[in-house]
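Side chains included, hydrogens not; waters and symmetry mates left out as well; all remaining heavy atoms used.
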Amino acid sequence: AETGGRAGVMAEEAIFDFIHMEAVSYAFQGGEKMSEDEAISKLEHMGFATGYRLVERLTRESGRYKDELDIMKYICKDLWVTVYKKQIDNLRTNHQGVYVLHDNRFRFLSRMAAGKQYLQYAPRYLAFTCGLVRGCLANLGVTCVVTAEVTQLPACKFQIQVQRG
């Protein structure tokens with residue numbers, strides 16, 4: 001039963017990866033002709049809706065978080081493990097509403113070739129996750145802007161800028 005369980009998890013992960021690739025492909029080559037920005041916006045919106053609903057389900061049993069940093073730690077540990085099967089590698093903050101999450105081997109970038117020519121396509125594969133994080137945080141009461149940056153594949157940084165007032 002142990003090997004069957006692992007095979008099921010691997011199949012689940014492969015399905016998630018496939019659905020993500022297809023969503024990106026559809027946004028950029030689907031029926032509607034959209035600009036690069038419109039397609040990225042559509043993927044980000046899909047991620048937002050998913051994250052908003054997902055965090056509701058995941059945090060149903062847990063208590064409220066005591067502060068913003070606690071919420072960010074939840075995103076880096078619990079949420080990332082649930083969605084990406086690993087924790088964020090590093091969380092940094094300036095303690096003024098900016099948080100930077102470092103993922104040294106981001107799942108949706110790990111299969112891309114490491115050549116510089118592929119860097120231009122990286123934002124397509126990060127938009128859904130930016131939306132996912134923003135949706136989760138919105139449902140937990142944190143209004144923010146989430147952006148992503150890739151300097152060297154497959155590592156990336158997600159920057160969360162909390163909107164106050």
Side-chain angles (χ1 to χ4, degrees), residues 13 16-17 19-21 23-25 27-28 34-59 62 64-165:
E13 290 176 28
F16 179 52
D17 290 348
I19 288 171
H20 182 264
M21 281 188 329
V24 171
S25 177
F28 286 90
M34 290 185 266
S35 70
E36 180 94 3
D37 288 346
E38 288 170 323
I40 285 175
S41 180
K42 185 174 201 139
L43 287 167
E44 199 271 350
H45 183 73
M46 286 170 55
F48 180 89
T50 303
Y52 197 90
R53 290 190 307 266
L54 178 65
V55 83
E56 202 164 89
R57 204 169 277 156
L58 295 175
T59 59
S62 60
R64 296 311 299 151
Y65 298 95
K66 65 178 188 248
D67 61 21
E68 204 174 83
L69 186 57
D70 251 15
I71 292 171
M72 295 304 165
K73 287 178 183 175
Y74 166 79
I75 297 294
C76 294
K77 293 179 181 172
D78 302 326
L79 179 79
W80 223 257
V81 167
T82 299
V83 178
Y84 300 109
K85 307 300 180 219
K86 69 184 275 302
Q87 288 186 9
I88 276 289
D89 295 301
N90 194 324
L91 166 65
R92 299 198 179 229
T93 180
N94 67 357
H95 300 284
Q96 295 172 358
V98 175
Y99 298 87
V100 181
L101 287 59
H102 295 258
D103 190 326
N104 297 332
R105 193 162 166 70
F106 186 60
R107 180 177 184 160
F108 295 146
L109 298 178
S110 61
R111 289 192 180 91
M112 288 178 84
K116 285 272 189 220
Q117 70 270 28
Y118 297 104
L119 238 104
Q120 67 177 334
Y121 297 113
R124 297 177 176 191
Y125 295 92
L126 300 171
F128 178 85
T129 301
C130 287
L132 184 84
V133 170
R134 193 171 66 83
C136 288
L137 290 171
N139 197 331
L140 295 172
V142 178
T143 304
C144 62
V145 173
V146 180
T147 55
E149 176 189 342
V150 176
T151 49
Q152 188 169 358
L153 293 167
C156 66
K157 295 189 284 197
F158 293 93
Q159 182 171 306
I160 300 166
Q161 172 71 56
V162 175
Q163 308 291 290
R164 298 211 165 93

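You'll find the side chain of Thr93 stays beyond 4.5 Å of the side chain of Leu91, heavy atoms only. Side-chain contact between Met72 and Val162 is present, with heavy atoms from C-beta onward closer than 4.5 Å. When side chains are defined from C-beta on, Cys144 counts as touching Arg134, because their heavy atoms get closer than 4.5 Å. Counting heavy atoms from C-beta on, the side chains of Thr129 and Trp80 come closer than 4.5 Å. At a threshold of 4.5 Å between non-hydrogen side-chain atoms, the residues Phe28 and Glu36 count as touching. Annotation: side chain of Val24 is not in contact with side chain of Phe128 (no heavy-atom distance under 4.5 Å).
Minimum interatomic distance between Val145 and Gln163 (heavy atoms only, all atoms of both residues): CG2-NE2, 3.7 Å. Of all the heavy atoms in Leu109 and Ala155, the pair that sits closest is CD1-O, 4.3 Å. Scanning all heavy atoms of the two residues, the minimum distance from Ala122 to Val150 falls at CB-CG2, 3.7 Å. Shortest non-hydrogen contact noted between Ala148 and Cys130 is CB-SG, 3.6 Å.
To the nearest 0.5 Å, atoms CG (Leu69) and NE2 (His95) are separated by 7.0 Å. Between Ser110 atom OG and Tyr84 atom OH the span is 12.0 Å, to the nearest 0.5 Å. Annotation: the span from Cys136 atom SG to Ile75 atom CD1 amounts to 5.0 Å, rounded to 0.5 Å. Taking CG from Leu132 and CD from Glu44, the interatomic distance works out to 10.0 Å, rounded to the nearest 0.5 Å. The distance from the CD atom of Gln152 to the CG atom of Asn104 is 10.5 Å, given to the nearest 0.5 Å. The CD atom of Glu149 sits 10.0 Å away from atom CG of Leu119, with the distance rounded to the nearest 0.5 Å.
His45 NE2: 12 or fewer foreign heavy atoms inside a 6.0 Å radius. Heavy atoms from other residues, nucleotides or ligands lying under 6.0 Å from NZ of Lys77 number 12 at most. The local environment of CZ in Arg164 is crowded, with over 12 non-hydrogen atoms from other residues, nucleotides or ligands closer than 6.0 Å.
Side-chain atoms of Thr82 come within 3.5 Å of backbone atoms of Asp78 as a donor-acceptor pair (strictly under, hydrogens ignored). In this structure a side-chain-to-backbone donor-acceptor pair under 3.5 Å is missing from Ser25 to Met21.
In this pair, Tyr74 and Tyr65 present their aromatic rings tilted. The plane angle is within the 30 to 60° band. Taking the six-membered ring where tryptophan is involved, the planes of Phe158 and Phe106 are perpendicular, since the angle between them exceeds 60° and thus also 30°.
A side chain to side chain donor-acceptor pair (under 3.5 Å) with Tyr99 is found for one member of Lys73, Glu68, Arg92, Gln161 and no other, namely Glu68. Applying the side chain to side chain contact (heavy atoms under 4.5 Å, CB included) test between Ile160 and each of Val100, Val98, Leu101 identifies Leu101 as the sole match.
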Inset, instruction - Kindly determine whether Lys86 and Asp103 satisfy side-chain contact (heavy atoms from CB on, under 4.5 Å), including the steps that lead there. - result: CA-CA 9 Å; Lys86 69 184 275 302; Asp103 190 326; 2.8 Å; yes

Legend entry - Audit row: Thr59, Asn139, side-chain contact (heavy atoms from CB on, under 4.5 Å) steps and yes/no: CA-CA 10 Å; Thr59 59; Asn139 197 331; over 6 Å; no

